[in-house]
Amino acid sequence: LARPIRRSSYLLGRWLGLAIVLVAYGGGSALLAITVVGAVSGYTPPSILAPVAYIAAEGLVILTLTILLSTRLPPIGGGAIAVVAFGLAWMAGTIERVGIAIAARNPEVNLQFVGDIGRLLLPVDGLWRGVIYGLEPPIVIAAAQGQPLAEANPFFAVAPPPLAFLAWVVVWSVLVLSMAAFSLRRRE
C-alpha cells in the first residue's frame, strides 16, 4: 500500500468500490431487461425497484462471501468457490420446494429444513424469491393464494421475503465482512 492504512480500511474500501460497480451493473442490467420485456410484451412488473433491489442484494451477498474467501485464497479461487456456493444454495431452495410437493402426499417426508439451512448459510435463495415475487403479475399471485402446491413451484413465490429474513441478510453480511477483516488482519 502506498500509505500506511489499516487492513480493515483497505478491505472495506475494496468492498465498497466493488459494491458500487456491482449495484450499478446489476441494477442497470435488470432495468434494461425489464424495459426490453416491457417494450416487447407490454408487461412491466408492479414494482420495478423491488426486484432490482433484491437482485442487487443477492450480488452483494456473493461479493461479501468472495471477499472473505479471497483473504485466504487467490481471488479467482475465492470467486469460483462463491459461485459454486451460490449454486448449492439455489439447489437447497429447489430441494425445499420439491419437498413441499412431496409432503403434500407424504407428510412424513420433510425436506423444508434443507432450504432453511441453505438460507441461513448463504441467503441468496431467499433474495431470489424476492426477485421472482417482484416480477410476477398480481393476478397470478392472487390466483395462487390458497393453492396448496403453489409454494412447491421453484419458479414462483407466493410472498416476498419476510422482514426477519431481510434482517438476517444484513446481519449475515456484517458478520461475514467482519470475519474477512479479522482474517486479513491475521494474514502475513
Side-chain angles (χ1 to χ4, degrees), residues 11-12 14-34 44-69 78-79 81-100 110-138 140-142 144-147 150-182:
L11 183 89
L12 291 175
R14 185 174 176 184
W15 182 88
L16 184 61
L18 290 170
I20 290 169
V21 170
L22 186 137
V23 169
Y25 175 76
S29 297
L31 287 173
L32 180 63
I34 289 171
T44 55
S47 170
I48 293 175
L49 293 181
V52 171
Y54 283 123
I55 202 89
E58 192 174 12
L60 290 174
V61 164
I62 293 298
L63 171 65
T64 305
L65 177 62
T66 303
I67 290 286
L68 169 64
L69 294 172
I81 291 171
V83 168
V84 169
F86 172 82
L88 291 173
W90 185 81
M91 287 298 294
T94 302
I95 290 170
E96 174 190 34
R97 299 301 166 175
V98 170
I100 291 170
N110 183 0
L111 294 175
Q112 289 183 333
F113 73 94
V114 175
D116 293 339
I117 291 170
R119 278 187 295 282
L120 283 175
L121 295 176
L122 187 62
V124 291
D125 182 62
L127 293 169
W128 179 247
R129 301 243 166 255
V131 173
I132 293 171
Y133 179 80
L135 294 174
E136 293 169 339
V140 172
I141 295 170
Q145 297 298 329
Q147 299 293 326
E151 268 193 67
N153 186 344
F155 304 105
F156 179 75
V158 295
L163 289 177
F165 172 75
L166 296 177
W168 168 245
V169 172
V170 171
V171 168
W172 184 93
S173 298
V174 169
L175 285 173
V176 171
L177 206 52
S178 298
M179 288 175 17
F182 180 76

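The analysis underlying the following values was restricted to heavy atoms, covering all of them including side chains, and did not include hydrogens, waters or symmetry mates.
In this structure, Q112 and E151 have side chains that are not in contact, with every pair of non-hydrogen atoms separated by 4.5 Å or more. Contact of the T64 side chain with the V174 side chain is not registered, since no non-hydrogen atoms from C-beta on lie closer than 4.5 Å. The shortest distance between side-chain heavy atoms of Y25 and L22 does not fall below 4.5 Å. Contact check for V61 versus P123: side-chain heavy atoms found under the 4.5 Å cut-off. Looking at heavy atoms from C-beta onward, Y54 lies out of side-chain contact with I132 at the 4.5 angstrom threshold. When side chains are defined from C-beta on, Y133 does not count as touching V158, because their heavy atoms never get closer than 4.5 Å. Taking the side chain as every heavy atom from C-beta outward, V52 and I34 approach each other to under 4.5 Å. Contact check for L18 versus I67: side-chain heavy atoms found under the 4.5 Å cut-off.
With sequence neighbours left out, the side-chain hydrogen bond (donor to acceptor under 3.5 Å, both in side chains) criterion links D116 to R119. Residues passing the side-chain hydrogen bond (donor to acceptor under 3.5 Å, both in side chains) test with W172: none are found, sequence neighbours excluded.
Taking CG from L60 and CG from L65, the interatomic distance works out to 12.5 Å, rounded to the nearest 0.5 Å. Note that the CG atom of L177 and the CG atom of L12 stand 5.5 Å from one another [nearest 0.5 Å]. In this structure, CD in E58 is found 13.0 Å from CG in L63, a value given to the nearest 0.5 Å. Here the straight-line distance linking atom CH2 of W15 with atom OG of S173 works out to 7.0 Å at 0.5 Å rounding. Rounded to the nearest 0.5 Å, atoms OG1 (T66) and CZ (F86) are 11.5 Å apart. I100 contributes atom CD1, which lies 9.5 Å from atom CG of L111 (distance to the nearest 0.5 angstrom).
Closest of all the heavy-atom pairs between D125 and G93 is OD2-CA, 3.3 Å. The minimum heavy-atom distance between E136 and P46, with the atom names listed, is O-CD, 3.6 Å. Of all heavy-atom pairs spanning P154 and R97, the tightest one is CA-CG, 3.9 Å. Scanning all heavy atoms of the two residues, the minimum distance from A89 to V124 falls at CB-CG2, 3.6 Å. Minimum heavy-atom separation, A30 to I55: CB-CG2, 4.1 Å. The two residues P45 and G134 come nearest to each other via the heavy atoms CB-O, 3.3 Å.
Crowding of L175 atom CG: a count of heavy atoms from other residues, nucleotides or ligands under 6.0 Å exceeding 12. Within a 6.0 Å sphere centred on CG of L163, other residues, nucleotides and ligands contribute 12 heavy atoms or fewer. Sparse packing is recorded around CZ of F182, with 12 or fewer heavy atoms of other residues, nucleotides or ligands lying under 6.0 Å away.
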